[in-house]
**Student:** 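Supplied in structure tokens, the structure appears directly below.
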Amino acid sequence: MPGRVRRNTELGLILLGAVITIGAYILASLGRSDVLPADVVPFLVAVLVLLLGAHIANRFLAPDADGLLLPLAALLNGIGYVFIARLDEDLAGLQAMWTAVGIGLYIATLLVVRRTRLLERYRFTVGLLAMLLLLLPLVPSVGQQIGGARIWVSLGPVNFQPGEFAKIAFAVFFAGYLVERRELLGMATFKLGPVHIPDPKHLAPVVIAWGVSLVVMMFERDLGSALLFFVLFLVMLWIATQRVWYVATGFVLFGLGAWFSWTRFSHVQVRVSAWLDPWADPDTAGQIIEGTYAMAWGGLAGTGLGLGFPWKIPVVETDFIFAAIGEELGLLGATAVIVAFLLMTGSGLRIAARASDPFDKLLATGLTTLLAVQAFIIIGGVVRLLPLTGVTLPFVSYGGSSLLANYVLLALLVRISDQSSRRPATRPERERAAA
Amino acid sequence: MNRHLRYLVVVLLVLYTALFVRLNQIQVFQAEELNAHDGNNRAAERDYNRARGTISTIDGQLVARSVQTSGRFEFQREYPEGELYAHVAGYISFEFGADGVEKVYNDELAGQTFDFEFDNFSDLFVNDDDVGDVTLTLDHDVQEVAREQLGDRLGSVVALDPETGGIIAFWSNPSFDPNLLATNDLEAAEAARTLYLAFPTKPLLHKMYQEVYFPGSTFKVVTSAAGLDSGLVTEDEPAYPVATEYTPPLTTQSISNFGGSSCGGTLFEILAASCNSAFAEMGAMTLGPNIMVEGAEGFGFNDSPPIDLPSPAESIFPTDYGEALDPPDSDEPGTIYENTPALAQASIGQYEVAATPLQMALVAAGVANDGVVMRPHVMHDIRDSNGNVVEEYDEGEWLEAMDSASASTLRQAMIGVVESGTANAMAIPGYEVGGKTGTAQLGTEPPTSHAWIIGFAGPEGGEPEVVVAVLVQAQEGASEQTGGQVAAPIARAVLEEALGA
């Protein structure tokens, strides 16, 4: 599909997303107080300016990129904003600001990273940066423990969660490292009966990634991020080497780690018992219980925007925003959100499949995995498929760090997509020959 | 690598499908259960933030309504008649749930049944939630007479239409003020509830159908019905010996007649005299346990009546009378069982027999309605805000207690009790009234008893239109006259009001 058609499709979808967001914003206000929102005109202008800004940036900076990613992110961001505005006006103001900064960062990323080769070249610098970002919250006086997890960093007036950025840096680093080593890692040098096993010394990276995850889990008490980092590494290793053996080893190691922390750490035990039977101890599992009630209350079609009781759920704006959507938009709305993430995942992996450069392919896989798995971990926690871990729902939850990081992630995917669509002019000929 | 990317797509699809399945479980399959879960007050919250339907009597008296208020919730539930309908309409409280009609017909009152939801869906943008208004079968005038007549005495009054099962009056003293429990001032509500729970007379209990009492001699109607329906007792035979007492087999403990009087004879005579010795012998020897148990259960004993109010109590007629002794292994009437003396007691409403006032009204209703006991109910219909009926109570039979001919004979016998027996205080000039009194002795020092009466009334030569059961608890005195003296005037006043006499 030529770039111009993609961009026009993107424009249409973005306008559709804007209409849904603005319509939902008005309905939520009507639902709550029977009046039109006072700021509906500025809101409309802001939504259009932001979305069209990002779209125009695509036209100039990534004209041949996939046309689905930006509209889907904008839709999720818009729905998330409507719910945050419906829950807390102060947070909504901040979220609006973060969205503007996020889209600014999206454009900036497209501007700075004109070629992914740039990232590949600086992979070790980026890897070091990832480690620093990840461990920053553990530094005394800089790191802050909020709500049980030590994942915040406070530098002067700015509070942020460096882990949100660390995950992207890790994806870049892993992609660079694995492209370099995959031949070696993929070689079966050891034979155990009929099974080919890579030389144990090549397992070192797996063990290091496992160790990093454990550090995050134990010292930062951030189970969700630990799981996310580990899954990211395993998936990238698997795609790079095509050895299922690594994945198996990884899962065994992670299982051991999880079992170990379950026996040793009370905060892990609390999460697990709240997952297995929240009603056994309603005081500690209040969030899960209220979240479940909220979704059940929504039923198939939802209570309608502004007509539910999502404020009954503690910390609903971040961890449990999905339950609020389930309550007011029902199974239909919640499924729409899941489908939106699936479509983004599909687009991301299609970008990976089409990329001819191995680094691009791995990076696109890693970034898409981050997005898909993070959404799965938090939605899974909310619907009690997994123990609850406090990660954000990308683009939807309240939170500056999360929003900014995910717009950067999106920009990188768009960059890869654009770059692989514009590859040497010899390719179409080869395709024609095949057809 | 692309092959492995396809595997990754499959894995992620499986994971996301699992999310979708869990979401369906929570939002569709378990939703109802979760919505009603303890500690989930969303339903109450919703109900408190919009007007609920009203509850009114059949003659238009407003029993419950929602009025707009400021404060924690948008609406306050009000019960203009206070205690009068507390045991029927119940209350709805944010803190401790709902009771009575407010509970049973909550979905209709809150506009949550499918019909109403469908309407609401179609006018999604009108914001005009339609809720159901419940009309009760109760008649305000009759209900007021019931309260007036019982006065300060503890007890219950039940009046119902035997042909439909619709309850006309349903009163139990002490009652409570539902306004105190339904108030949006949740602390005051909690305090009121604590206070009510502390009363030994249990005002929050709907005693007309949630509490059982010894039915005393009113139970002889059940014994008579069992006898007539089995064919072993007719208008003419057997004739029981005129005696002051009856001593069942296997015991020396005799069952004596009130005040040592002598009585006996055929059914009409012994019912009019409320003859203990004759009915004890009828139940124990003429009929035996099988017919007696079947007879009692035919009126609804040992089962909860299917009334549209919460938690009706089961009335009890004991079923186990041991092995047949003489002749052994027989189940024919006349057989002596290990526990035949208990059966003799049970046949006159003593031993472990216990009944709710509603159950005894249903006994009278079965007799009055040609042997058929209709399902008792308090809902007449449900209307939308335009006054159109959207749901009517689906009347139906609950049980067939006896055949129509036996019922007719028993009616004549009960009319005899009013004309020339213990229930003559219930007679209403110009109407055909039948009844049976009862006095269930509680103790002798000082002598106290529950005074009972059950009965029916209708135009002369016509079908009975109203049945009644009155229980006055723990009255001084313990003669067979007590029921007739204490309970009969209440029953007559209620019948008169219901008949418009």
Side-chain angles (χ1 to χ4, degrees), chain A residues 27 30-31 34 182 235 238-242 244 279 282 289-304 307-309 312 322 326-327 330-332 334-335 338-339 341-342 345-346 349-350 352-354 358 361-362 364-365 368-369 372-373 375-376 379-380 382-385, chain B residues 1-50 72-74 94 110-112 114 117-118 120-129:
Chain A
L27 282 178
L30 286 175
D34 288 347
R182 66 193 170 111
V235 169
W238 177 48
I239 298 294
T241 63
Q242 315 189 6
V244 82
W279 282 276
I289 292 176
E290 286 299 336
T292 307
Y293 287 162
M295 287 182 284
W297 188 241
L300 187 65
T303 58
L307 298 171
F309 310 102
K312 281 179 181 288
F322 184 77
E327 177 171 12
L331 178 70
L332 301 174
T335 305
I338 291 180
V339 168
F341 278 108
L342 263 182
T345 306
L349 292 180
R350 198 172 55 224
R354 287 186 179 169
K361 197 180 270 292
L362 272 180
T365 306
T368 309
T369 303
V373 173
F376 173 76
I379 297 178
V382 170
V383 301
R384 220 151 60 77
L385 189 67
Chain B
M1 288 201 269
N2 285 0
R3 185 163 53 103
H4 283 75
L5 280 177
R6 274 196 291 277
Y7 294 154
L8 183 60
V9 169
V10 173
V11 170
L12 289 172
L13 262 180
V14 168
L15 293 180
Y16 273 70
T17 307
L19 291 181
F20 181 65
V21 169
R22 266 300 285 162
L23 210 52
N24 271 280
Q25 278 181 325
I26 294 175
Q27 300 205 271
V28 179
F29 297 107
Q30 298 168 354
E32 208 169 316
E33 187 193 330
L34 286 166
N35 288 344
H37 208 286
D38 282 343
N40 186 355
N41 50 19
R42 279 170 182 72
E45 189 99 34
R46 171 202 62 208
D47 296 347
Y48 269 72
N49 282 310
R50 69 178 189 197
R72 171 116 163 59
F73 303 111
E74 276 181 53
F94 186 74
Q112 292 298 306
F114 183 73
E117 289 246 295
F118 194 73
N120 289 347
F121 197 71
S122 56
D123 50 37
L124 198 59
F125 298 99
V126 188
N127 200 13
D128 174 25
D129 289 338

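The shown structure was predicted, so the numbers you read here are calculated from the model rather than taken from an experiment. Numbers restart at 1 for each chain; the letters A, B, ... are given by sequence-line order, proteins then strands.
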**Student:** Is chain B contacted by the side chain of A:A294, its backbone, both, or neither, given a heavy-atom distance below 4.5 Å?
**Tutor:** both
**Student:** Count the heavy-atom pairs under 4.5 Å between each of B:L13, B:V11, B:N35 and chain A, then report the option with the highest count.
**Tutor:** B:N35
**Student:** Looking at the rings of B:Y16 and A:F341, which for Trp means the six-membered one, are their centres under 6.0 Å apart?
**Tutor:** no
**Student:** Between A:A353, A:A240, A:G304, A:A375, which shows the greatest number of heavy-atom pairs under 4.5 Å with chain B?
**Tutor:** A:A353
**Student:** Would you mind checking which part of A:P358 comes under 4.5 Å of any heavy atom in chain B, side chain (CB onward), backbone (N, CA, C, O), both or neither?
**Tutor:** both
**Student:** What option among A:G302, A:A352, A:G299 has the most heavy-atom pairs under 4.5 Å with chain B?
**Tutor:** A:G299
**Student:** Check whether B:V9 gets within reach of chain A through its side chain, its backbone, both or neither, counting any heavy atom under 4.5 Å.
**Tutor:** both
**Student:** For the CG atom of A:L349 and the CZ atom of A:R354, what is their distance to the nearest 0.5 Å?
**Tutor:** 12.5 Å
**Student:** Quick check for you: to the nearest 0.5 Å, what is the distance between A:L331 atom CG and A:M295 atom CE?
**Tutor:** 11.0 Å
**Student:** Determine the option with the most heavy-atom pairs under 4.5 angstrom with chain A, choosing from B:H4, B:E33, B:E32.
**Tutor:** B:H4
**Student:** B:F29: which residues meet the ring-ring contact (aromatic ring centres under 6.0 Å, His included) condition with it, sequence neighbours left out?
**Tutor:** none
**Student:** Less than 4.5 Å to any heavy atom of chain B: does that hold for the side chain of A:V235, its backbone, both, or neither?
**Tutor:** side chain
**Student:** Side chain, backbone, both or neither: which part of A:T368 has an atom under 4.5 Å from a heavy atom of chain B?
**Tutor:** neither
**Student:** Using heavy-atom distances under 4.5 Å, tell me whether A:T345 contacts chain B through its side chain, its backbone, both, or neither.
**Tutor:** side chain
**Student:** Shorter than 4.5 Å, heavy atoms on both sides: which option in A:G380, A:G346, A:A334, A:P282 has the most such pairs with chain B?
**Tutor:** A:A334
**Student:** Check residues 18-25 of chain B and write down every donor-acceptor pair under 3.5 Å in which the side-chain atom is one partner and the other belongs to a residue at least two apart or another chain.
**Tutor:**
{"unit_1": "B:R22", "atom_1": "NE", "unit_2": "A:V383", "atom_2": "O", "d": "2.7"}
{"unit_1": "B:R22", "atom_1": "NH1", "unit_2": "B:Q25", "atom_2": "OE1", "d": "2.9"}
{"unit_1": "B:R22", "atom_1": "NH2", "unit_2": "A:V383", "atom_2": "O", "d": "2.9"}
{"unit_1": "B:N24", "atom_1": "ND2", "unit_2": "B:F20", "atom_2": "O", "d": "2.9"}

**Student:** Test side-chain contact (heavy atoms from CB on, under 4.5 Å) on A:W238 and B:L8; report intermediate values, then the result.
**Tutor:** CA-CA 10 Å; A:W238 177 48; B:L8 183 60; 4.2 Å; yes
**Student:** Output the distance between atom CG (A:L385) and atom CD1 (B:I26), rounded to the nearest 0.5 Å.
**Tutor:** 9.5 Å
**Student:** Check the orientation of A:W279 and B:H37. Use parallel for under 30°, tilted for 30 to 60°, and perpendicular for over 60°.
**Tutor:** parallel
